[in-house]
Amino acid sequence: MPDPGAPRAPEPPGEPDRAPGPPATAPATADRPRPATGAAAAPAAPTTRPPARTEAAPAPPTGGPPFRTRPPAPPTGQQPPRPTGRPDVGVPPRPPQPPRQPGPYGAASHPPATAPGQSVGARGPGPGGGAGAGTPAAADPVAGLAADLLAHGATATATPRTARSGRGLARLVTAALCAVLGVGLLVGAVLGSLLREGGGPARSTDAFEHARTLWRGVPVDTLFPRTLTGRGAGPGGADRTWTRIAVAPDDRCAGAFDPLLATALSPVGCTRLLRATYADATSTSVTTVGLVVTRADAAGMRTLRNRFATERLGQRADLLPKPYPADGTAAEGFGDAQRASWRISVPADLPVVVYAVSGFADGRAVQRPEPADRATARGATTDPAEAGLGHDAKGLAAGVERAFRTALNAAMEAK
């Protein structure tokens, strides 16, 4: 680029026969002194240095191509073309790149099947350098995608599905094996229990019939233990201990129940009545526990159990068992008027009815006896509830029934 401060060479005189026209106003010559036109004009050297431009020329970028020189001014009378794009800053534009074609799923690790800039499905030039037969495929995107899949994507897309299906099959087989093993273990346990116990329904029937005569060969201390302990069977979850103070001789059921209770028990009959009386640890309460051995079969016992449950016969104060008072014991004054709470249990798998009735040991009368389920309920404030008589009846009935079942299981194992 020439130095603007240096003297310029004289320009040649203009042509005399050219018609005058508008002066050129190109941006490139706006800062130069215009020479006189015509034949009389003579070249003259500038006597003074033109004033320096206040706007410094931009420095060329480091490492880039040099600035282009200004184009020569167009001839007088012609307007220079107006620039239409971005001003040329000397950096060549980046060549346009072809749009990136999305590849099929699973084909990211394979090289593209087409050359850069070529549409999907179009074939490369043939031996003669012309375009091949892929022009219709390029115009149809579906055909091009199908061709590309056949070229390199079919194997890649099939591999993940095959792997997933293989893993699913393996999981299905594993689940089936676990199910078969679980069913086998359950069946084996049931068969082993049946073999160990000597059979299912046959043994149950045998045990039911054997329980009817169990009382004949079992000691009284087995059916009515001398001491019974109820863990958490007392008020507030306290432990309870009862001591046997009297055992009644085995007898018939005549006079052992209130008339309505005797009527309710009559369908199952009475083979033998076994009774014993217990006192608590402080001897302030007494409880009579009884076992009624019936003549009914399993169906008759289930019917009686369902009747007691549906009609709530065990909650009625006019269906009470009678106590067994024993002379010379804490239960000597235990009569019908002293009955405070009771419990009647009808097992469906045993030919027995288990009951318990409790009262105060000092012989006080109770105006309104209360069933054990109600006397042991949370928040009960009646005298039987606060004295724990409901807990006595409930705990002793459960303890004697448990002792009877234990004795029956031992007798069946010994057979």
Side-chain angles (χ1 to χ4, degrees), residues 215 219-230 233-234 240-265 270-293 314 316-345 352-372 375 382-401 403-404:
W215 60 276
V220 65
D221 291 345
T222 302
L223 296 180
F224 298 104
R226 292 181 178 272
T227 302
L228 281 173
T229 301
R240 202 80 164 175
T241 302
W242 303 277
T243 302
R244 191 185 69 194
I245 60 176
V247 177
D250 55 283
D251 198 357
R252 301 290 180 177
C253 293
F257 308 105
D258 285 347
L260 291 179
L261 180 57
T263 302
L265 296 177
C270 177
T271 299
R272 188 64 57 181
L273 174 61
L274 309 173
R275 294 180 293 174
T277 300
Y278 286 81
D280 68 341
T282 59
S283 297
T284 58
S285 64
V286 289
T287 305
T288 295
V289 187
L291 285 169
V292 179
V293 182
R316 292 177 54 174
D318 55 347
L319 278 76
L320 269 67
K322 293 182 177 293
Y324 172 67
D327 295 338
T329 65
E332 186 175 3
F334 188 24
D336 292 348
Q338 284 72 37
R339 294 177 294 183
S341 186
W342 75 98
R343 172 70 180 272
I344 301 175
S345 175
V352 296
V353 175
V354 185
Y355 70 88
V357 56
S358 61
F360 292 102
D362 57 3
R364 76 180 74 175
V366 178
Q367 299 298 327
R368 299 181 61 181
E370 192 173 30
T382 59
D383 291 343
E386 292 181 348
L389 297 179
H391 292 83
D392 291 339
K394 188 175 182 178
L396 280 169
V400 170
E401 181 178 345
F404 187 89

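Because the structure is predicted, anything quoted here is derived from the model rather than measured.
- Put simply, the side chain of Trp342 never gets that close to the backbone of Ala317: no donor and acceptor are under 3.5 Å apart.
- Between Leu396 atom CG and Thr288 atom OG1 the span is 9.5 Å, to the nearest 0.5 Å.
- A pairwise comparison of heavy atoms in Ala375 and Gly390 identifies CB-CA, 3.9 Å as the closest pair.
- No side-chain donor from either of Asp392 and Thr287 sits under 3.5 Å from a side-chain acceptor of the other.
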### Query
When you look at Cys253 and Leu265, which way does the side chain to side chain contact (heavy atoms under 4.5 Å, CB included) test go after all the steps?
CA-CA 10 Å; Cys253 293; Leu265 296 177; over 6 Å; no

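- Of all heavy-atom pairs spanning Ala326 and Ala246, the tightest one is CB-CB, 3.3 Å.
- Taking CG from Leu228 and CZ from Arg240, the interatomic distance works out to 13.5 Å, rounded to the nearest 0.5 Å.
- Atom CG of Asp280 and atom CG of Leu389 lie 8.5 Å apart (nearest 0.5 Å).
- Rounded to the nearest 0.5 Å, atoms OG1 (Thr243) and OH (Tyr278) are 9.0 Å apart.
- Summarising the geometry, atom CZ belonging to Arg272 is positioned 7.0 Å from atom CG belonging to Asp251; distances are rounded to the nearest 0.5 Å.
- Remark: Asp327 pairs with no residue by the salt bridge (Lys or Arg N to Asp or Glu O under 4.0 Å) rule, at least two apart or across chains.
- Scanning all heavy atoms of the two residues, the minimum distance from Leu223 to Phe404 falls at CD2-CD1, 3.7 Å.
- Here the shortest heavy-atom pairing between Cys270 and Arg252 reads O-NH1, 4.0 Å.
- Considering only heavy atoms from C-beta on, Asp336 comes within 4.5 Å of Lys322 through its side chain.
- Between Arg316 and Asp258, no side-chain nitrogen of the basic residue sits less than 4.0 Å from a carboxylate oxygen of the acidic one, so the salt-bridge criterion is not met.
- Closest approach of Pro384 and Ala340 over heavy atoms only: CG-O, 3.7 Å.
- Within the 3.5 Å criterion, the main-chain N or O of Ser358 finds no donor-acceptor partner in the side chain of Arg339.
- What you find for Tyr324 and Thr277 is that their closest heavy atoms are O-OG1, 2.9 Å.
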### Task
For the pair Tyr355 and Leu261, evaluate side chain to side chain contact (heavy atoms under 4.5 Å, CB included) and give the outcome as yes or no after the intermediate values.
CA-CA 12 Å; Tyr355 70 88; Leu261 180 57; over 6 Å; no

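- By the 4.5 Å heavy-atom criterion applied to side chains, Val400 and Leu291 are counted as neighbours.
- Every residue two or more places apart in sequence or in another chain that forms a salt bridge (Lys or Arg N to Asp or Glu O under 4.0 Å) with Arg244 is listed here: Asp221.
- Remark: Ile245 CD1 to Thr329 OG1 distance equals 4.0 Å, nearest 0.5 Å.
- Checked by atom type and distance alone, the side chain of Gln338 pairs as donor or acceptor with a backbone atom of Gly363 at under 3.5 Å.
- Judged by distance alone, with hydrogens and angles left aside, the side-chain atoms of Ser341 form a donor-acceptor pair with the main-chain N or O of Glu370 at under 3.5 Å.
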